[in-house]
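Residue numbering restarts at 1 for every chain, and letters A, B, ... go by the order of the sequence lines. Only this structure's heavy atoms are used, side chains among them; waters, hydrogens and symmetry mates stay out.
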Amino acid sequence: MTFRPPKGTDDILPPASQAWRRVLGTFDSLAERYGYELAITPIFEATEVFERGVGEGTDVVQKEMYTFEDKGGRSLTLRPEATASMVRAYLGSGSQTPMKLAYSGPMFRYERPQAGRRRQFWQVGVEYLGEDAAGADIEVIELGYRFYQDIGLEGLEVQLNSLGDPADRAGYRSALVDFLTGIADRLSDDSRRRIDTNPLRVFDSKQDRDKLAGAPLPIDYLSDAARAHYEQVTAGLEEAGIPFSENGLLVRGLDYYTRTVFEYVATGLDAAQNAVGGGGRYDGLAEALGGRHVPAVGFSLGVDRILLAMGEGGGEPAPLDAFVVVADEARRAAATGLVRKLRETGLRADIEPGARSVKAQFRAADRRRATAAIVVGDEWDDGEVTLRLLESGDEQRVGNDAEIISTHIGSETS
RNA sequence: GUGGCUGUAGCUCAGUUGGUUAGAGCGCCGGGUUGUGGUCCCGGAGGUCGCGGGUUCGAGUCCCGUCAGCCACCCCA
């Protein structure tokens with residue numbers, strides 16, 4: 001028996017989990033203020049949801065899926081991302097009106113782990129479903145940007161591009177294939193294979209990026225409608241005060257994107273994986289799943305990577321407002337009752353559950369970073385407790401009432 | 001899937017050309033203070049040296065294999 005979690009997965013425990021609570025909480029309230037409601041879908045789906053949604057030609061589908069057969073002979077897959085699930089759920093709901101959804105949860109991809117890449121990783125995201133207006137693109141990108149601002153991630157860059165509509169791709173694709181065929185002898189094996197299967201994916205390759213100078217770019221092949229949409233997005237972002245840079249090489253690794261694509265890059269991250277979030281418009285995804293036409297746009301942000309970029313690996317234990325010290329065991333019932341009342345008033349309060357020396361209890365109070373130690377001893381008979389402020393060492397006797405104690409501590413911490 | 005680096009106490013590590021009962025710092029527990037922490041002093045607990053095999057009188061140390069971790073590639077969050 002090993003106590004390590006499976007390869008590429010992590011136990012997130014205190015004190016590191018403190019940062020998780022904060023980041024997840026920030027996302028939750030921010031999404032709610034922007035009008036995105038919670039969506040919870042299964043972490044596994046019928047395999048075809050991802051095959052058809054994400055795209056057969058993508059690395060995610062070809063080699064990174066956790067696929068298994070259940071006892072009923074169904075092929076299921078642990079979700080490698082959430083967007084396909086969200087669209088599937090939206091179609092399943094039968095909704096005829098736009099829906100703004102926010103989600104948070106683990107995703108799974110079978111890969112060799114490294115810095116910023118895990119087999120189970122956590123994404124938060126939103127999807128603006130059933131809306132084709134550029135205003136939705138702008139709102140989504142802005143929401144993501146605001147999120148990074150709120151949690152205090154510095155050195156963030158927003159990169160933007162447009163891939164156009166499927167109709168724009170036909171002409172573009174043949175131009176790209178011509179170009180790539182011309183330099184095929186200098187490309188990596190992977191890229192050469194993609195010329196036939198999925199030429200756009202060549203832009204994903206770091207190895208070949210420098211050889212792509214002069215390659216035709218999707219942005220130069222946009223239809224009038226797609227171009228107008230793109231220009232509305234850039235204008236809207238400027239108006240919203242969101243700094244961004246246009247990157248004609250940005251194509252994203254999933255097949256479902258149309259028009260707008262964007263990525264949030266942490267410039268301060270020295271790890272190779274510096275994309276902390278990304279997204280785009282996917283007007284064709286619902287139809288790829290066999291549904292009706294549903295224009296939509298969304299993003300997903302990698303919480304593990306965000307914390308990595310912020311250097312939030314360790315940290316201090318969560319602070320406590322009060323630690324109740326039992327001076328002698330005969331007073332335990334009184335002390336336990338006091339902790340209960342302190343907690344009811346909203347204080348973070350704790351106590352040792354078994355008999356320990358006063359010294360040990362004070363040491364515990366200090367280690368837990370308590371603001372005050374509350375001693376329950378002989379003074380209890382006078383209706384009082386001793387309140388010691390651990391940082392200054394100031395000590396006084398106060399009424400043994402939770403409200404009174406709370407007031408004394410509150411004036412210290414505020 | 002491919003390549004590189006690393007596995008000794010809870011953590012960070014030391015361990016001399018292979019040589020007796022494997023060490024340090026930090027952390028943890030207890031005592032010094034009959035009701036007082038964070039400083040200081042004293043004491044204590046805690047180790048299949050990743051695992052398996054081989055060489056040797058003798059392996060933490062050398063060789064082979066294997067597993068795990070880390071990093072990079074492919075690609076993405």
Side-chain angles (χ1 to χ4, degrees), chain A residues 2-10 13 54 57-64 79-83 104-125 144 188-191 193-194 198 201-209 250-254 263-266 269-279 299-309 314 323 325-331 335 356-380 385-395:
Chain A
T2 173
F3 301 117
R4 286 187 173 284
K7 190 183 187 74
T9 67
D10 301 288
L13 301 170
V54 177
T58 62
D59 273 25
V60 168
V61 169
Q62 282 187 343
K63 55 182 196 185
E64 297 173 4
R79 63 181 183 193
E81 58 111 48
T83 300
S104 172
M107 308 295 158
F108 308 84
R109 290 181 199 173
Y110 190 86
E111 299 182 278
R112 282 282 281 271
Q114 77 189 67
R117 165 177 297 147
R118 319 298 297 159
R119 288 184 171 181
Q120 174 173 331
F121 56 102
W122 198 281
Q123 287 188 337
V124 296
S188 63
D189 291 347
D190 278 338
S191 290
R193 207 171 306 121
R194 291 189 186 114
N198 203 342
R201 294 276 74 80
V202 174
F203 286 106
D204 293 331
S205 172
K206 276 181 214 168
Q207 285 184 321
D208 295 324
R209 187 150 300 172
L250 180 68
V251 297
R252 315 272 306 141
L254 312 179
E263 208 160 88
Y264 301 102
V265 177
L269 203 57
D270 55 355
Q273 321 303 331
N274 63 354
V276 292
F299 67 59
S300 61
L301 317 179
V303 176
D304 309 69
R305 268 187 202 177
I306 290 167
L307 262 14
L308 184 68
F323 197 93
V325 172
V326 184
D328 78 279
E329 278 302 301
R331 311 270 180 195
R356 295 193 72 192
S357 69
V358 170
K359 180 195 186 81
Q361 293 180 72
F362 266 86
R363 197 160 44 230
D366 186 61
R367 218 178 28 244
R368 298 285 297 280
R369 293 174 56 210
T371 301
I374 312 295
V375 183
V376 175
D378 293 340
E379 57 271 59
W380 187 266
V385 293
T386 299
L387 187 157
R388 181 182 176 90
L389 296 173
L390 291 179
E391 196 171 329
S392 62
D394 293 344
E395 204 167 283

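Around CD of A:E395, the count of heavy atoms belonging to other residues, nucleotides or ligands within 6.0 Å exceeds 12.
A donor-acceptor pair under 3.5 Å is absent between the side-chain atoms of A:E81 and the main chain of A:M107, judged by distance alone. A donor-acceptor contact shorter than 3.5 Å is absent between the side chain of A:R305 and the backbone of A:G277. With hydrogens and angles ignored, the 3.5 Å screen pairs a side-chain donor or acceptor of A:R119 with a backbone N or O of A:E111.
One can place CG of A:L250 at 14 Å from C1' of B:rC75, the figure rounded to the nearest angstrom. In this structure, the NZ atom of A:K7 is 5 Å from the P atom of B:rA68, given to the nearest Å. Here the C1' atom of nucleotide B:rC73 and the CD atom of A:E64 are 13 Å apart, to the nearest Å. Taking atom CZ on A:R305 and atom P on B:rA77, their separation rounds to 8 Å, with Å as the unit. The separation between A:N274 atom CG and B:rC73 atom P is 10 Å, rounded to whole Å.
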Its contact letters, B for base, S for sugar-phosphate only and - for none at protein heavy atoms under 4.0 Å, make nucleotides 1-11 of chain B read BBB--------
Letter by letter from the 5' end, nucleotides 30-42 of chain B scores (B base, S sugar-phosphate only, - none; protein heavy atoms under 4.0 Å) SSB--BBBB----
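Of the candidates A:R118, A:R4, A:Q120, A:D10 forms a side chain to side chain donor-acceptor pair (under 3.5 Å) with just one, namely A:R118.
For the C1' atom pair drawn from B:rU36 and B:rG69, the interatomic distance equals 44 Å after rounding to whole Å. Nucleotides B:rC51 and B:rC73, compared at atom C1', are 29 Å apart to the nearest Å. Here the separation of B:rU12 from B:rA59, taken at their C1' atoms, is 25 Å to the nearest Å. Of the C1' atoms belonging to B:rG58 and B:rC13, the separation is 27 Å, rounded to the nearest Å. Rounded to whole Å, the C1' atom of B:rU6 lies 33 Å from the corresponding atom of B:rG44. Taking atom P in both B:rG47 and B:rU2, the straight-line distance is 38 Å, to the nearest Å. When the P atom is compared between B:rA24 and B:rG18, the two are found 25 Å apart, to the nearest whole Å. Taking atom P on both nucleotides, B:rC70 is separated from B:rU8 by 14 Å, rounded to a whole Å.
Salt-bridge formation is detected for the pair A:D328/A:R331: a Lys NZ or Arg NE/NH1/NH2 atom is positioned less than 4.0 Å from an Asp or Glu carboxylate oxygen.
The side chain of A:R4 sits closest to B:rG69 out of B:rA77, B:rC73, B:rG69.
Using N1 to N3 plus N6-O4 or O6-N4 for Watson-Crick, or N1-O2 and O6-N3 for G-U wobble, each under 3.5 Å, B:rA59 pairs with nothing. Pair assignment for B:rU48: none, as no Watson-Crick or G-U wobble contacts are both less than 3.5 Å. B:rU36 makes up no base pair with any nucleotide shown, lacking Watson-Crick or G-U wobble contacts both under 3.5 Å. Remark: B:rA22 base-pairs with no nucleotide; criterion is Watson-Crick or G-U wobble with both hydrogen-bond distances under 3.5 Å. Using N1 to N3 plus N6-O4 or O6-N4 for Watson-Crick, or N1-O2 and O6-N3 for G-U wobble, each under 3.5 Å, B:rU2 pairs with B:rA72.
Of all heavy-atom pairs between A:G393 and A:R388, the closest is O-NH1, 3.6 Å.
Both A:R252 and A:Q114 sit near RNA chain B, but only A:Q114 has its closest nucleotide nearer the 5' end.
The line from CD of A:Q361 to CZ of A:R363 is 11.0 Å long, rounded to the nearest 0.5 Å.
By the 5.5 angstrom centroid cut-off and the 30-degree plane limit, A:F121 is classified as stacked against the base of B:rA77.
Between the side chains of A:T386 and A:E379, a donor-acceptor pair is found at a separation under 3.5 Å.
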